[in-house]
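These notes concern the structure reproduced below.
Here the structure is a predicted model, which is why all the values come from computation and not from measurement.
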Amino acid sequence: MTRAGWAGVLALAIGLGGCGNTKITDAWEDSAAEPRPMEKIVVVGLIDDNVTKHVFEDMFAKALRDRGNDATAAYTVVKAGPNTNPDSLVSVLRAAGFHAVLTARSLGEEMVETQTMGSAYYMPQSYYQWGSYYSMSYGAVMSTSYTERSEKVVVEANLFDLGSERLLWAVRSKTTKTGKVKEGVNDYTRTIIPELAKSGWIK
């Protein structure tokens with residue numbers, strides 16, 4: 001696998017970690033299409049590593065089913081990878097009765113720095129007399145400034161109509177990397193699926 005390929009695997013496999021760390025940055029939907037809950041959805045994780053792909057697709061599909069949707073992990077229906085012909089994949093999925101495809105892929109990583117500046121607060125400096133305590137004893141003290149660095153993985157999710165292959169909905173998000181795959185995928189689904197439900201394409 002190429003270095004770029006491994007970067008994509010690690011971004012989605014390790015990057016989707018932590019609780020409450022997924023933030024949506026961009027969202028789009030086809031304004032010309034009339035939203036309706038799709039009847040059968042297949043979830044495709046565009047990931048080279050099969051173990052991670054299975055975990056992602058299983059958890060995402062289960063989260064959709066928990067809301068009353070008919071969703072299936074792609075790997076249980078067809079064996080596909082980066083070299084699979086898209087046309088043949090579409091034919092197989094259509095023949096299996098699916099109406100929509102939900103995909104997710106990593107777009108890479110970015111480093112985010114957050115700087116917290118020192119702030120002034122007041123602290124008693126003298127207690128000689130009651131009067132001076134109130135009138136003179138408070139002086140400014142500066143707290144130390146500090147910088148926090150965190151790695152974010154950028155992930156894109158798309159929903160396609162399988163019949164027309166038309167893109168219906170897309171969302172881009174950023175997730176803080178912590179290294180716990182299942183927790184990360186769970187957090188990702190808790191953020192992305194409600195957003196998809198608001199669009200009207202799922203229950």
Side-chain angles (χ1 to χ4, degrees), residues 8 11-12 15-16 19-48 52-108 110 152-176 182-203:
L12 197 52
L16 291 177
C19 181
N21 288 318
T22 298
K23 305 297 180 185
I24 292 173
T25 59
D26 298 287
W28 176 90
E29 42 187 299
D30 186 349
S31 59
E34 184 177 349
R36 66 196 185 284
M38 304 304 283
E39 294 180 14
K40 291 190 68 175
I41 303 170
V42 61
V43 177
V44 180
L46 299 174
I47 311 165
D48 290 342
T52 305
K53 176 181 174 69
H54 294 180
V55 170
F56 180 83
E57 291 179 356
D58 279 338
M59 294 185 68
F60 208 111
K62 181 181 183 302
L64 287 169
R65 291 195 300 272
D66 288 345
R67 294 181 65 98
N69 300 283
D70 186 346
T72 304
Y75 81 89
T76 65
V77 179
V78 60
K79 304 301 179 185
N83 299 319
T84 301
N85 184 296
D87 291 334
S88 64
L89 179 59
V90 168
S91 297
V92 171
L93 294 176
R94 284 175 179 166
F98 291 103
H99 300 102
V101 179
L102 193 146
T103 66
R105 65 167 180 154
S106 166
L107 298 179
E110 63 179 43
K152 304 281 186 179
V153 57
V154 182
V155 178
E156 177 185 78
N158 296 318
L159 181 71
F160 294 90
D161 182 320
L162 195 54
S164 63
E165 299 185 46
R166 179 178 179 178
L167 178 63
L168 302 173
W169 173 91
V171 71
R172 186 171 295 176
S173 61
K174 294 181 181 180
T175 299
T176 303
K182 289 187 177 181
E183 288 184 18
V185 175
N186 187 45
D187 173 65
Y188 182 75
T189 59
R190 285 202 307 265
T191 302
I192 301 303
I193 290 179
E195 184 72 14
L196 179 54
K198 286 194 301 183
S199 72
W201 290 110
I202 66 169
K203 297 176 183 177

Any [X] side-chain heavy atom under 4.5 Å of [Y] side chain:
| X | Y | value |
| --- | --- | --- |
| W28 | D26 | no |
| Y188 | M59 | no |
| S173 | T191 | no |
| K53 | V44 | yes |

If only atom types and distance count, is the side chain of [X] paired as donor or acceptor with the main-chain N or O of [Y] below 3.5 Å?
| X | Y | answer |
| --- | --- | --- |
| D161 | R166 | no |
| N158 | L167 | no |
| T25 | R172 | yes |

Pairwise distance [atom1]([X]) to [atom2]([Y]) - rounded to 0.5 angstrom:
| X | Y | atom1 | atom2 | result |
| --- | --- | --- | --- | --- |
| E57 | L102 | CD | CG | 10.5 Å |
| L162 | K40 | CG | NZ | 11.0 Å |
| L64 | I193 | CG | CD1 | 4.0 Å |
| L196 | I41 | CG | CD1 | 7.0 Å |
| T175 | K23 | OG1 | NZ | 10.0 Å |
| I202 | D70 | CD1 | CG | 12.5 Å |

Between [X] and [Y], what is the shortest heavy-atom contact and its length?
| X | Y | answer |
| --- | --- | --- |
| R67 | K203 | NE-O, 2.8 Å |
| A100 | L159 | CB-CD1, 4.1 Å |
| V42 | A73 | CG2-C, 4.4 Å |
| S199 | P35 | O-CB, 3.2 Å |

Quiz prompt | Y75: ring pair (Phe, Tyr, Trp, His ring centres under 6.0 Å) partners, not counting sequence neighbours | solution = H54
Self-check item: More than 12 heavy atoms from other groups under 6.0 Å of CD on E39
Solution: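 No.
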Quiz item: Do R94 and E165 meet the salt-bridge criterion of a basic N to acidic O distance under 4.0 Å?
Solution: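 Salt bridge flag = yes for R94 with E165.
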Exercise. For the pair K62 and D66, find out whether any cationic side-chain nitrogen is under 4.0 Å from an anionic carboxylate oxygen.
Key: yes
Practice problem: Could you walk me through whether V155 and V171 pass side-chain contact (heavy atoms from CB on, under 4.5 Å), step by step? | Solution: CA-CA 8 Å; V155 178; V171 71; over 6 Å; no
Quiz item: What residues, two or more places apart in sequence or in another chain, satisfy side-chain contact (heavy atoms from CB on, under 4.5 Å) together with N85?
Solution: D87, S88
Practice problem: Determine which pairs satisfy ring pair (Phe, Tyr, Trp, His ring centres under 6.0 Å) with at least one residue from residues 76-104, sequence neighbours left out, and list them in order. | Solution: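 Qualifying pairs, neighbours excluded: none.
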